[in-house]
Amino acid sequence: FFFFNDTATTEIYTQAFVGSVRCVQETGINAEYMGLLTKDMKVYYFDAPGRAEAIRLLLFHAGVKFEDVRFKPEEWPKYKDKFDLKQVPALEVDGKILTQSYAILEYLGAKFGYLPKGYDKLYKAMFIMNTAEDIFMKAYMAVMPNSPLDAKSKEEAQKKLLEVDGPLYLGALAKKLAENECQCFIVGHKYTIADFFLLGFWASILNVPQFHTTFYELIKTKIPTLFAYLEKRMKDFNPYYKKCQTKLYYFDIPGRAESIRVMLKAMKFPYEDVRVKFEDWPKEKVSGKFELQQMPVVICEPCGVNLSQTDAIMHRIGGRYGYLPIKKPEKLYNVIWWCNAWKDLIEAYVKFAYLPLPAEKLAEMRKDYFTKTVPITFDAMENRLKLNKSQCFLVGKSYTIADFYFIGLWRALVFNPKLTEYKEIVEKYPIMSAYFAKQNAILSQDQLIYLTIQCCLLYTSPSPRDQRGSRMPSSA
């Protein structure tokens with residue numbers, strides 16, 4: 001509940017929240033995916049990667065906020081009695097404690113779409129996880145200071161690990177990777193629990209000195225395909241490990257960047273929203289940061305990723321995280337239709353707003369825009385949304401980049417104080433207006449009065465949602 005001094009503001013928040021809840025109820029979408037009623041999650045483990053890292057990475061990639069409870073070995077006694085098997089990792093979900101890392105991974109995999117589809121792929125994922133677990137335990141016994149083996153036995157175990165067991169088990173993992181339909185993932189063509197398990201293992205190799213000494217050079221020199229896979233996938237988690245910073249550059253207005261902001265917010269992806277002042281733009285323009293000397297631009301530092309052109313950015317990020325149905329041509333067509341329809345409205349607006357033409361000509365173009373272009377386009381949009389089975393989304397029953405385009409550009413155009421004609425027009429389109437109210441409430445929960453305050457102008461890792469369900473993804 002929100003309480004404000006004025007009734008009008010309170011009503012705005014209340015109506016938006018009620019609209020959000022109705023949207024969730026009507027579509028049957030898990031409220032967690034919408035960022036509403038999210039259950040508290042806590043991961044308990046020592047302050048090390050270990051067996052908990054796969055769980056942490058999965059939750060991060062799924063866009064789920066969780067409390068990462070880390071403790072030192074000497075603090076373990078005060079936590080120990082909290083867990084039924086007196087061991088960690090453990091996951092607390094809404095007050096309920098889950099233990100056993102494999103069970104937790106399968107639980108989260110089923111919950112967020114990371115379990116492989118089909119018995120063969122599920123077997124392969126479990127084979128990979130068990131094989132990695134076997135070599136992990138052999139390495140633990142051979143190199144860790146708290147291993148129960150005596151010095152002589154550890155020396156023999158280390159020799160066997162490097163000469164026999166390491167090449168055997170790691171070679172088996174490399175073979176499974178080579179047999180997969182693509183070498184970007186270990187099972188299938190998207191993230192599964194097997195990928196997170198291996199990346200958790202790799203995190204231990206990178207961060208635990210004993211494991212790094214034992215395995216890093218072995219994998220890098222003897223099993224290059226596995227090394228390349230691990231290095232590539234680990235880059236997806238640079239934001240998690242705070243190795244990179246993503247920045248979105250645009251003017252301090254909604255404009256063409258607003259759809260990107262909406263998408264990144266829906267993904268719960270951390271980024272810096274750099275608002276460039278108009279008077280600073282001439283200097284920024286020639287700074288070398290902007291490929292085409294225009295904005296919006298998304299830059300990831302120090303990775304070197306530099307994305308420009310609004311459509312290209314939306315396709316790159318949306319396609320990477322499952323918001324672009326590239327494997328379903330008919331659905332893809334509908335998504336691109338929505339995007340292009342809004343793009344046409346933007347381009348038509350720019351013509352009479354910015355071109356240096358005589359006042360009479362600009363007035364004529366403005367009149368045509370609001371009496372012909374906008375009504376024709378909005379008529380088609382209203383009909384398409386009406387025909388969609390779920391009027392909480394533009395295409396199908398889940399988010400696509402079309403939804404982000406719609407919300408961002410509706411904010412930029414309809415609430416532009418220089419385009420007051422829009423207010424009268426949108427009243428004639430109740431379905432689109434209701435759709436915007438619902439989705440804007442969901443996608444801007446911490447800024448529900450955003451529009452009334454400031455609107456004035458306009459690597460490859462699909463999320464688990466893929467093309468099937470609504471998910472909030474992870475890293476860009």
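- Across Asn306, Thr246, Val305, a single residue satisfies side-chain contact (heavy atoms from CB on, under 4.5 Å) together with Ile299, and that is Asn306.
- For the 3.5 Å distance criterion, the side chains of Arg275 and Tyr249 fail to qualify, holding no donor opposite an acceptor.
- The nearest pair of heavy atoms linking Met141 to Lys154 is O-CG, 3.9 Å.
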Worked check of side-chain hydrogen bond (donor to acceptor under 3.5 Å, both in side chains) between Tyr323 and Asp403:
CA-CA 9 Å; Tyr323 296 112; Asp403 297 285; over 6 Å; no
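- Here Lys438 contributes atom NZ and Phe393 contributes atom CZ; the two are 10.5 Å apart, rounded to the nearest 0.5 Å.
- Summarising the geometry of Leu177 relative to Ile186, their closest heavy-atom pair is CB-CD1, 3.6 Å, with the distance given to 0.1 Å.
- Asp150 and Ser153 share a donor-acceptor pair across their side chains, judged by distance under 3.5 Å alone.
- For the residue pair His61 / Tyr114, a side-chain donor-acceptor distance below 3.5 Å is found, with atom types taken as modelled.
- Residues Tyr44 and Trp76 keep their aromatic ring centres 6.0 Å or farther apart.
- Closest non-hydrogen pair, Ser101 versus Pro89, comes out as CB-CG, 3.7 Å.
- What you find for Val395 and Asn388 is that their closest heavy atoms are N-ND2, 3.8 Å.
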Between Cys339 and Asp311, is a side-chain contact (heavy atoms from CB on, under 4.5 Å) present by the stated rule, with each step listed?
CA-CA 8 Å; Cys339 297; Asp311 285 353; 5.5 Å; no
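- Note that CG of Leu98 is 11.5 Å distant from CG of Leu105, once rounded to the nearest 0.5 Å.
- Annotation: cation-pi pair Arg51/Tyr45 absent, no NZ/CZ under 6.0 Å from the ring centroid and within 45° of its normal.
- Of all heavy-atom pairs between Pro325 and Leu332, the closest is O-CB, 3.5 Å.
- Atoms CD and CG, from Gln158 and Leu149 in turn, are 9.5 Å apart once rounded to the nearest 0.5 Å.
- For Tyr102 and Phe197, the ring centers are positioned less than 6.0 Å apart.
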Can you check side-chain contact (heavy atoms from CB on, under 4.5 Å) on Val297 and Leu307, steps first, answer last?
CA-CA 6 Å; Val297 168; Leu307 308 179; over 6 Å; no
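- Donor-acceptor pairing under 3.5 Å is lacking for the side chains of Glu291 and Gln309.
- Remark: aromatic rings of Tyr435 and Phe406 are close, center separation under 6.0 Å.
- A salt bridge links Arg261 and Asp273; the closest N-O separation between the charged side-chain nitrogens and carboxylate oxygens is under 4.0 Å.
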Tell me, with the steps shown, if Val276 and Asp252 meet side-chain contact (heavy atoms from CB on, under 4.5 Å).
CA-CA 6 Å; Val276 179; Asp252 191 17; over 6 Å; no
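- Atom OG of Ser204 is separated from atom NE2 of His212 by 12.0 Å, given to the nearest 0.5 angstrom.
- Ion pair Lys152/Glu155 not flagged as a salt bridge, since none of the NZ, NE, NH1 or NH2 atoms sits closer than 4.0 Å to an Asp/Glu carboxylate oxygen.
- Taking CG from Leu230 and CD1 from Ile205, the interatomic distance works out to 7.5 Å, rounded to the nearest 0.5 Å.
- Phe66 and Phe60 have their aromatic ring centers separated by at least 6.0 angstrom.
- Counting only residues at least two apart or on different chains, no side-chain hydrogen bond (donor to acceptor under 3.5 Å, both in side chains) pair has a member in residues 160-175.
- No cation-pi contact links Lys72 to Phe46, judged by a cut-off of 6.0 Å to the six-membered ring centre and 45° from its axis.
- Using a cutoff of 4.0 Å between basic side-chain nitrogens and carboxylate oxygens, Lys138 and Glu133 are not scored as salt-bridged.
- Interatomic distance, Leu57 CG to Asp236 CG, rounded to the nearest 0.5 Å: 10.5 Å.
- Considering every non-hydrogen atom in both Gly109 and Leu58, the closest pair reads N-CD1, 4.2 Å.
- Side-chain contact check for Tyr229 and Asp195: at least one donor-acceptor pair (N or O, by modelled atom type) lies under 3.5 Å.
- With ring centers used as reference points, Phe436 lies under 6.0 Å from Trp410.
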